[in-house]
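Note that the structure is predicted; figures quoted are calculated from it, not measured.
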Amino acid sequence: DEWEGALHILRHPTVDETPKLLSLRARVLIQRGDQAAAKKDMFSALRRAADAQHSNDIRLEVADIAVELGDLLTAAGGCQ
């Protein structure tokens, strides 16, 4: 399916170092029903956001993902 193809591309090692791509992979994982892996990528993106260009955009993206995952505590913290 289309999500599997996207996930295949997003498993490239470069993704693990890029917060925007980690958040995109988290969204794909949510669509595939893998909330545990999505949460892992969400937290990885959040940790890397401080050093990233456009860090506020990444924090907002992480907050949105956290809401999708039902993690309101992280959602509130991700926006700070």
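Under the 4.5 Å side-chain heavy-atom criterion for grouping Ile, Leu, Val, Met, Phe, Trp and Tyr, M42 is connected to L46 within one hydrophobic cluster. Hydrophobic clustering (side-chain heavy atoms under 4.5 Å, transitive across Ile, Leu, Val, Met, Phe, Trp, Tyr) keeps L69 apart from L10. With hydrophobic clusters built from ILVMFWY side chains whose heavy atoms lie under 4.5 angstrom apart, L21 shares a cluster with L29. Both L7 and W3 are assigned to one and the same hydrophobic cluster, defined by single-linkage of ILVMFWY side chains at heavy-atom distances under 4.5 Å.
At a threshold of 4.5 Å between non-hydrogen side-chain atoms, the residues D71 and L73 count as touching. Counting heavy atoms from C-beta on, the side chains of T74 and F43 come closer than 4.5 Å. Counting heavy atoms from C-beta on, the side chains of K20 and H54 never come closer than 4.5 Å. Using a 4.5 Å cut-off on side-chain heavy atoms (C-beta onward), S23 and I65 make contact. Between R11 and V15, the closest side-chain pair of non-hydrogen atoms is not below 4.5 Å.
Put simply, CZ on R47 and CD1 on I58 are 13.5 Å apart, with the number rounded to the nearest 0.5 Å. Note that NZ of K40 and CG of D34 are 10.5 Å apart. Values are rounded to the nearest 0.5 Å.
With sequence neighbours excluded, the residues that form a salt bridge (charged side-chain N to carboxylate O under 4.0 Å, His left out) with R48 are E17.
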Check the pair S55 / R59 against side-chain hydrogen bond (donor to acceptor under 3.5 Å, both in side chains), numbers first and verdict last. CA-CA 6 Å; S55 62; R59 285 188 186 96; 3.2 Å; yes
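For A75 against A66, the heavy-atom pair with the smallest separation is N-CB, 3.6 Å. Between A6 and V28, the shortest heavy-atom distance links the atoms CB-CG2, 4.2 Å.
Between R25 and D16 there is a salt bridge, with a side-chain nitrogen of the basic residue lying less than 4.0 Å from a carboxylate oxygen of the acidic one.
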